[in-house]
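Below is one structure; the comments refer to it alone.
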Amino acid sequence: MYSVYGIGNPLMDVIGFESYEFRDSLGKPPGSINLIDEEESKLLMANVNKDNRKINMVAGGSCANTIRGLAWLENIRLKRVKRPPGSDFVYSGAVGNDELGKQYISLMNKYGIRTEIAEKNSITGSSIIIVTPDHERTMFTHLGACRQFSEHDIRFDILEESIFLYFLGFMWDTDSQKNAIKKAVDFARHTGVKVCFDLAGPFVVKRYRDEFLSWLPGNIDILLGNREEFKSLAGIETGDREILKKVKDLASVLVLKRGEDGCMIAEQASGNKDKPLRFTDVCGETVEAKDTTGAGDAFSAGLLYGLLKGKGIVSAAEFANYLASRIVTVPGCDYEALESSSVLLRASL
Ligand SMILES: Nc1ncnc2c1ncn2[C@@H]1O[C@H](COP(=O)(O)OP(=O)(O)OP(=O)(O)O)[C@@H](O)[C@H]1O
Ligand SMILES: [Mg+2]
């Protein structure tokens, strides 16, 4: 039995610590996220990699960050009860047939994750992150092989054995990725696997709104998004409750993330679409946020982990807020930098 089967875009985070001059020479605003092509990516990679300068490699991408969080939580729990680490979490996607792809798979396996990653005849996707002395992160992403993920890369036998299927709206980028997700969801619905979907970003919702509105109903158990994403989906600007009411038929449970204010949950009474939604405000945690990278990804990890450990949705969301609030106090989506005993205490495990 597996806990979560995640499908995402494997992107190696290549983190380079550089001068302001170097960052400025790239001609992009500090803190921006930029999509670059293969040639630009190769050139920048060679530049951050030269003269033995310090670089960090993290197996990243939004979905992978969530699966890493789940594996980290389970590993710290098992360590405490003195049991060997398990491999409950599965991560699937596509990398290139190159050194970076092999490194990516090996890093994920080192975190204790079972990988079902296809190798394509192209370069592995990466996010080159230029960190300046003030800790500002300017990102240059090349999706590369991720975009070639297809339905043939799904291990349906493993998916069938999983409790949750998790993915994000980034998978709508190509027809081949999108069709793979639709096949996986179809299969999940027929085999009783719960489906959890994160809208990914306001630009994703703007681009695929019509498709989401027609495809989501009946396919999703838990729908996650931030305020901007839900607003865009609902097509209205009013308060959070009104927004969630407008899109209530899209999933059984809606979770609207509100940054430092935590989240709001809307639950549909099972089997009865005419009953009013049940709303719960789940307050955020007050922290000194340093870098909000990975907040949403850690939130998903906390939520799924809570549910897997038998918590109800509200209690799982409280833990999700907690884990996400810890992640924003450290640079990047770096679970290893967190104080594991406090996290376990909050998870009440
Ligand atoms: N400044 C903050 N202080 C405390 N908690 C925070 C802060 N920012 C984010 N969080 C936590 O992280 C969760 C997710 O953040 P957010 O609402 O920004 O979602 P998101 O937009 O999906 O995030 P991302 O930009 O990573 O995709 C919040 O619900 C909250 O629990
Ligand atoms: Mg998000």
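Counting convention: from 1, in listed order, for ligands and their atoms alike. Quick note: residue numbers are just sequence positions, from 1. Small disclaimer: the values here were computed from a predicted structure and weren't measured.
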Which of these, Tyr166, Phe170, Trp172, sits in a ring-ring contact (aromatic ring centres under 6.0 Å, His included) with Phe197?
Trp172
Salt bridge Asp261-Arg227, side-chain N to carboxylate O under 4.0 Å
no
Top protein contact for atom 12 (O) of ligand 1, by heavy-atom distance
Ala324 CB, 3.1 Å
Within a distance under 4.0 Å of any heavy atom of Ala289, pick out the atoms of ligand 1 and give their elements.
1 (N)
Between Phe167 and Val185, is there a side-chain heavy-atom distance shorter than 4.5 Å?
yes
Is any NZ, NE, NH1 or NH2 atom of the basic residue among Glu99 and Lys102 found under 4.0 Å from an Asp or Glu carboxylate oxygen of the other?
no
Can a salt bridge be assigned to the pair Asp281 and Arg258 using a cut-off of 4.0 Å between side-chain N and carboxylate O?
yes
Please state which part of Glu229 comes within less than 4.0 Å of ligand 1, counting heavy atoms only: side chain, backbone, both or neither.
neither
Glu18/Arg23 salt bridge by N-O under 4.0 Å criterion
no
By side chain to side chain donor-acceptor pair (under 3.5 Å), which residues pair with Thr286, not counting sequence neighbours?
none
Closest to atom 6 (C) of ligand 1 by heavy-atom distance, out of Ala320, Gly284, Gly259, Ala200, is Gly259
Given Ala295, Cys263, Gly294, which has its nearest heavy atom closest to atom 15 (O) of ligand 1?
Ala295
Note: ligand 1 atoms sitting under 4.0 Å from heavy atoms of Ser325 are 4 (C), 5 (N)
Kindly state if atom 3 (N) of ligand 1 has a protein heavy atom within a strict 4.0 Å cut-off, that is, under 4.0 Å?
yes
Could you tell me which atoms of ligand 1, counted from 1 in the order shown, lie closer than 4.0 angstrom to a heavy atom of Val287?
3 (N), 4 (C)
Identity and separation of the nearest protein heavy atom to atom 22 (O) of ligand 1
Lys257 NZ, 2.8 Å
Of the backbone atoms (N, CA, C, O) and the side-chain heavy atoms from C-beta on, which set of Glu228 has a member under 4.0 Å from an atom of ligand 1: side chain, backbone, both, or neither?
neither
Show me which atoms of ligand 1 lie under 4.0 Å from any heavy atom of Asn226.
20 (P), 21 (O)
Name the closest protein heavy atom to atom 24 (P) of ligand 1, giving the residue it belongs to and the distance to 0.1 Å.
Gly296 N, 3.7 Å
Answer yes when Asp221 and Arg189 have at least one side-chain N-carboxylate O distance shorter than 4.0 Å, and no when they do not.
yes
Quick test: of every protein heavy atom, which one is nearest to atom 31 (O) of ligand 1, and how far off is it to 0.1 Å?
Asn321 OD1, 2.7 Å
Write out the residue and atom name of the closest protein heavy atom to atom 29 (O) of ligand 1, then the distance separating them to 0.1 Å.
Gly262 O, 2.9 Å
Residues in ring pair (Phe, Tyr, Trp, His ring centres under 6.0 Å) with Phe187, at least two apart?
Phe156
